[in-house]
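Take a look at the structure set out below.
Side-chain atoms are counted along with the backbone in the values below, which use heavy atoms only and exclude waters and symmetry mates. Starting from 1, each residue takes its place in the sequence as its number.
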Amino acid sequence: GEAVTAVIVPREGANPTVAALVEFARAQLAGYKCPRQVTFLRPEEMPRTATGKLLHRVLRDRLLSEKAARRDAAGRESPDVGQRLRDGRA
């Protein structure tokens with residue numbers, strides 16, 4: 001499944017910490033809404049439309065593919081390979 005991820009674009013000169021952001025979220029949000037992961041991006045890294053709206057699906061897909069790449073780089077099998085092994089297709 002998917003985990004709640006906070007994508008943060010800090011203001012210029014701000015240096016937020018993951019611990020501070022998670023603590024703030026826990027104080028303001030219900031437990032199931034609190035982020036399990038925090039990602040920092042620069043403003044130019046945020047995918048936007050021509051009118052400046054955030055492309056949520058593109059951002060989610062990018063984060064999921066980066067997570068899969070890190071998992072593969074760590075030597076763990078990807079879910080697709082694991083499913084093929086369980087199905088006897090690999």
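Counting only heavy atoms from C-beta outward, the side chains of Phe40 and Leu21 approach each other to under 4.5 Å. Residues Ile8 and Leu41 fail the side-chain proximity criterion, which asks for heavy atoms closer than 4.5 Å. When side chains are defined from C-beta on, Thr5 does not count as touching Pro35, because their heavy atoms never get closer than 4.5 Å.
A continuous path of Ile, Leu, Val, Met, Phe, Trp and Tyr side chains, each step under 4.5 Å between heavy atoms, connects Leu63 with Val9, placing both in one hydrophobic cluster.
Under the 4.5 angstrom side-chain criterion for Ile, Leu, Val, Met, Phe, Trp and Tyr, Phe24 has no cluster partners at all.
Checked against side-chain contact (heavy atoms from CB on, under 4.5 Å), Ser65 has no partners two or more places apart in sequence or in another chain.
Atom CZ in Arg62 sits 8.5 Å away from atom CE in Met46 (nearest 0.5 Å). Rounded to the nearest 0.5 Å, atoms CG (Leu59) and OG1 (Thr39) are 8.5 Å apart.
Other residues, nucleotides and ligands contribute more than 12 heavy atoms inside 6.0 Å of the CZ atom of Arg60. Counting non-hydrogen atoms of neighbouring residues, nucleotides and ligands closer than 6.0 angstrom, the CD atom of Glu23 reaches no more than 12 such neighbours.
Between the side chain of Glu45 and the main chain of Arg42, a donor-acceptor pair closer than 3.5 Å is present.
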Using atom types as modelled, flag every donor-acceptor pair under 3.5 Å from a side chain in residues 48-55 to any protein atom, sequence neighbours excluded.
unit_1, atom_1, unit_2, atom_2, d
Arg48, NH1, Gly52, O, 3.0
Thr49, OG1, Thr51, N, 3.3
Thr49, OG1, Thr51, OG1, 3.1
Thr49, OG1, Gly52, N, 3.4
Thr49, OG1, Lys53, N, 3.1

Candidate pair Lys67 and Arg70, rule side-chain contact (heavy atoms from CB on, under 4.5 Å), full reasoning: CA-CA 5 Å; Lys67 182 179 177 182; Arg70 285 193 306 270; 3.9 Å; yes

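Annotation for Arg26 and Cys34: closest pair CA-SG, 3.5 Å, computed over non-hydrogen atoms.
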